[in-house]
Amino acid sequence: MTNSAYITTPIYYVNDKPHIGHAYTTTLCDVWARAMRFAGRDVFFLTGTDEHGVKVEKSAMARGISPQQLADENSAEFRRVLALFGLSNDHFIRTTDPDHKRQVQAFIKRLLEKGHIYLGTFEGWYDEGQEEYHTETRAKELDYKSPISGRPLTRAKEDNYYFRLSAFQAQLEKLFAERPDFVRPEGRRNEVLGRLRDGLQDVPVTRTNFTWGIPMPDAPGHVIYVWIDALLNYITALGLADEKSPRAKYWPATYHVVGKEILWFHAVIWPAMLMALDLKLPECVYAHSFWISEGQKMSKTLGNFIDLPTIERYHATYSLDAWRWYMITQGPLEATDADFSAKHFHEMYTAELVNTFANCASRTSAMIGKYFEGALPADGGGEVTNRNWSAICHEHVRQTILHYERFELRQAAMTALALVREVDAFINETQPFKLAKDPANVQTLGTILYRCSEALRIASCLLWPIMPSKVEEFWRCYGVTCNPTKDRLADLATWGHLKPGTRIEKCALFMRVEAPAATPTKG
RNA sequence: GCCGAUGUAGCUCAGCUGGUUUAGAGCGCUGGAUUCAUAACCCGGAGGUCGGCGGUUCGAGUCCGCCCAUCGGCACCA
């Protein structure tokens, strides 16, 4: 494994309003990026906006502004919103960046020269009002009439450039056979394999029915199709079209994290393009599923997306880190959708964050305050209930880091939290609050509380990628000096870093919140 | 329609290649114990014909078939 690592979100379409989907994908990547930096890897975390295409052109026209103006506004809105989620992306790419456009043209030229792109003719059923084509089956369904205007579809023809996707059938099959982890989770991989078996058709790479896009080199009237433009962002951001780029070392991507709806582009078209360009393939395309809301599918037509104001209410009530915790531990990372429910959110918040992490930090710090006047006691050595803390921590650290690496973020969270539960169990077994009644026990009492604090400190390091601000608050209470951008998790997570005598303050991380009303989301 | 799943306690799910038991975990609910802690931690309890039917087998949530139900992919959407 190389030391550099590269993780990407899809670039977000500026014609959309930011919602839970954008927040979720980006948060997943953020947690992984933070964990890997903390683990000592040189991480490049990329997100951005996709700004071309007919939809943007139309929306802009409807508002009487230029497409560029619309893109500028909405891209800025995405940047503003993403900042609300405490994200640590290293770069924000825009497909309207001159540097991106220049490189896209260079890559397309390369593909043309190598014969992977050719000029062909497209003929199909055209809806003149909507300026779009329908497939043969769709046209038949529509009875060859426009679904909007009701006017008959016309038979139309246009010259388009095509990418010879069909030529990569065998290579793609080989890729999927040799690298079972190329597409994850497994259920998604099977879907792609199924479609792959049906055979591949060449895909258009240019359009002539709109102008808001990157011009096809030497082909007036042709604009590069938004999908091709968008996919290339992953390598233009690294400057891969240029001879020497300082970021080139990050390629290939460790993870392209995408929503399941755009898996095909990333799992098939994108690798084929990279093969055609003689570039290395990403290690993994990870396709998560969707959030549904209170048992109901979210859709544009229903307009019931968990939108920004809703998300902001959760931040205000429970804190940003609690939101991140819910995203990571309850989100649709596997092949099935996950339900976002106010009740469930509240229950998990209370059970895991208030009653477990915060409570354990609170009771430990309280006892140190009460019995040792807030100064961390020393470990007096010796066995207490036969519990080998150093080994227990080592094992939890090892497993948590492994889970983070593999993008098993929920398991990483659960393993880290399990260490906190170990501390609770230890307190219940040893009952320091009873030992405290007899001054003769002071050394054992100190030993117990030192070990609780130290194990909590290690657990907190493991939790940091998910809940950075709350963990930093914990560190302030427990006198921990830690810099996750410089320090190595594996070093910090070894036993015995806390110094006896350190001031420990009473720690209250997650406040108890009143249960939400029965129907909470609309507001 | 075509392909693919899934169906186990109120909820979310573990149960790998069939034979450790009276089928488990977390959350929720409920009884108790306790007080270091944010009425938290701890112990106990209730509750499931493991979707239905049939088959293979000495023996099946665990394999096979059929049926029912739910969901996903095949068109834009994180």
Side-chain angles (χ1 to χ4, degrees), chain A residues 9-13 15-29 47 53-55 132-135 137-138 141 186-195 197-198 226-227 257-264 287-292 295 297-301 305-306 327 329-332 334-339 341 343-344 346-371 410 414 417-418 420-421 423-437 445 448-449 452 506-513:
Chain A
T9 73
I11 45 177
Y12 302 119
Y13 203 52
N15 215 37
D16 297 331
K17 283 253 175 300
H19 56 67
I20 189 173
H22 305 102
Y24 178 59
T25 312
T26 321
T27 301
L28 290 174
C29 293
T47 188
V54 66
K55 286 185 191 168
E132 65 185 8
Y133 283 91
H134 294 292
T135 60
T137 47
R138 174 79 175 139
E141 270 174 37
E186 198 188 350
R188 297 290 164 218
R189 172 175 181 266
N190 292 336
E191 285 176 11
V192 175
L193 277 174
R195 258 186 93 179
R197 271 193 293 273
D198 294 340
V226 277
W227 261 109
V257 180
V258 301
K260 62 183 178 182
E261 82 289 356
I262 53 174
L263 178 58
W264 182 251
H288 68 247
S289 304
F290 290 164
W291 284 101
I292 59 175
K297 194 168 182 166
M298 286 192 275
S299 77
K300 285 189 174 167
T301 43
F305 273 86
I306 294 179
M327 292 289 103
T329 59
Q330 301 297 327
E334 294 294 320
T336 49
D337 293 350
D339 190 22
S341 124
K343 181 166 176 280
H344 193 223
H346 185 266
E347 283 174 1
M348 291 300 115
Y349 172 79
T350 304
E352 297 177 335
L353 298 181
V354 178
N355 293 354
T356 305
F357 182 38
N359 182 58
C360 189
S362 169
R363 71 197 300 208
T364 302
S365 62
M367 284 189 276
I368 293 169
K370 206 171 253 186
Y371 309 141
R410 179 187 153 78
M414 288 304 131
L417 197 67
V420 177
R421 294 192 207 273
V423 175
D424 269 335
F426 184 61
I427 293 174
N428 291 325
E429 287 161 23
T430 58
Q431 301 194 295
F433 40 88
K434 282 191 178 158
L435 295 178
K437 289 175 178 166
L445 181 62
I448 292 166
L449 292 178
C452 290
K506 178 103 164 62
C507 191
L509 296 174
F510 290 98
M511 298 323 289
R512 198 164 291 282
V513 171

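Every chain is numbered from 1 and lettered A, B, ... according to where its sequence line falls, protein lines coming before strand lines.
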Is A/R512 close enough to B/A40 that one of its side-chain N or O atoms is under 4.0 Å from OP1 or OP2 there?
yes
A/A366 near the nucleic acid: base, sugar-phosphate alone, or nothing, with a heavy-atom cut-off under 4.0 Å?
sugar-phosphate
Would you indicate what A/R197 reaches in the nucleic acid, counting non-hydrogen atoms under 4.0 angstrom: base, sugar-phosphate, or nothing?
nothing
Residue A/E186 excluded, over 12 heavy atoms near CD under 6.0 Å
no
Tell which nucleotide pairs with B/C2, taking only Watson-Crick or G-U wobble pairs whose two distances are both under 3.5 angstrom.
B/G73
Atom CZ of A/R189 and atom P of B/A5 are separated, to the nearest Å, by 13 Å
Can you tell me how far C1' in B/A9 sits from the matching atom in B/C29, rounded to whole Å?
12 Å
The side chain to side chain donor-acceptor pair (under 3.5 Å) partner of A/R512 among A/T350, A/N355, A/N359 is A/N355
For A/K260, report the nucleic acid contact type (base, sugar-phosphate, nothing); a contact means any heavy atom under 4.0 Å.
sugar-phosphate
Who pairs with B/U35 - Watson-Crick or G-U, where each distance is under 3.5 Å:
none
Suppose you measure atom P in B/U70 against the same atom in B/G55; what distance do you get, rounded to whole Å?
28 Å
Base, sugar-phosphate alone, or nothing: which one does A/I262 contact when heavy atoms must sit under 4.0 Å apart?
sugar-phosphate
If you compare every side-chain N and O of A/K370 against the phosphate oxygens of B/A37 (OP1, OP2), does one of them come in below 4.0 Å?
yes
Does the structure show a Watson-Crick or G-U wobble partner for B/A25, both distances under 3.5 Å? Name it, or say none.
B/U12
Roughly, in whole Å, what's the span from CD in A/E347 to C1' in B/C11?
8 Å
Rounding to an integer number of Å, can you tell me how far A/Y12 OH sits from B/C76 P?
18 Å
Atom CZ of A/R188 to atom P of B/U6: distance rounded to whole Å?
13 Å
N/O (side chain, A/N190) to phosphate O (OP1/OP2, B/C3) under 4.0 Å
no
Please work out if A/H344 contacts a base, only the sugar-phosphate, or nothing of the nucleic acid, heavy-atom cut-off 4.0 Å.
nothing
Within less than 4.0 Å of OP1 or OP2 of B/A37, is there a side-chain N or O belonging to A/K506?
no
Would you indicate what A/G21 reaches in the nucleic acid, counting non-hydrogen atoms under 4.0 angstrom: base, sugar-phosphate, or nothing?
base
Measure the distance from CZ on A/R421 to P on B/C43 and round it to the nearest whole Å.
12 Å
Atom CG of A/L353 and atom P of B/A40 are separated, to the nearest Å, by 15 Å
Across the strands shown, which category fits A/W291 at heavy-atom distances under 4.0 angstrom: base, sugar-phosphate, nothing?
base
Atom pair CE/CD1 of A/M367 and A/I427 - distance to nearest 0.5 Å:
4.0 Å
What class does the angle between the rings of A/F357 and A/F510 fall in, given that below 30° is parallel, 30 to 60° is tilted and above 60° is perpendicular?
tilted
When you measure from the side chain of A/S362 to the backbone N and O of A/A358, does any donor-acceptor pair fall under 3.5 Å?
no
Using a heavy-atom cut-off of 4.0 Å across all strands, would you classify A/M348 as base, sugar-phosphate, or nothing?
sugar-phosphate
Nearest-nucleotide check on RNA chain B, A/H22 vs A/Q330; residue mapping nearer the 5' end is A/Q330
Of A/M367 and A/A335, whose nearest nucleotide on RNA chain B comes first from the 5' end?
A/M367
B/C27 to B/C67 separation - P atoms, rounded to the nearest Å:
41 Å
How far, in whole Å, is B/C36 from B/G31 if one measures between their P atoms?
24 Å
Output the rounded distance in Å from CD (A/E429) to C1' (B/C36).
16 Å
Please work out if A/F290 contacts a base, only the sugar-phosphate, or nothing of the nucleic acid, heavy-atom cut-off 4.0 Å.
base
For B/G48, the Watson-Crick or wobble counterpart (both distances under 3.5 Å)
none
CZ-OH distance between A/F433 and A/Y371, expressed to the nearest 0.5 angstrom:
8.0 Å
So, are A/E347 and A/K343 salt-bridged, with charged N and O less than 4.0 Å apart?
yes
Base, sugar-phosphate, or nothing for A/R195, non-hydrogen atoms under 4.0 angstrom?
sugar-phosphate
Complement of B/G7, any strand, by Watson-Crick or G-U distances under 3.5 angstrom
B/C68
B/C53 and B/A60: how far apart are their P atoms, nearest whole angstrom?
14 Å
So what's B/G59 paired with, Watson-Crick or G-U wobble, going by both distances under 3.5 Å?
none
If you look at every strand shown and take non-hydrogen atoms under 4.0 Å, does A/F510 touch a base, only sugar-phosphate, or nothing?
base
Is B/G61 in the syn range, within 90° of 0, or in the anti range?
syn
Contact class for A/E261 vs. all strands (heavy atom < 4.0 Å): base, sugar-phosphate, or nothing?
base
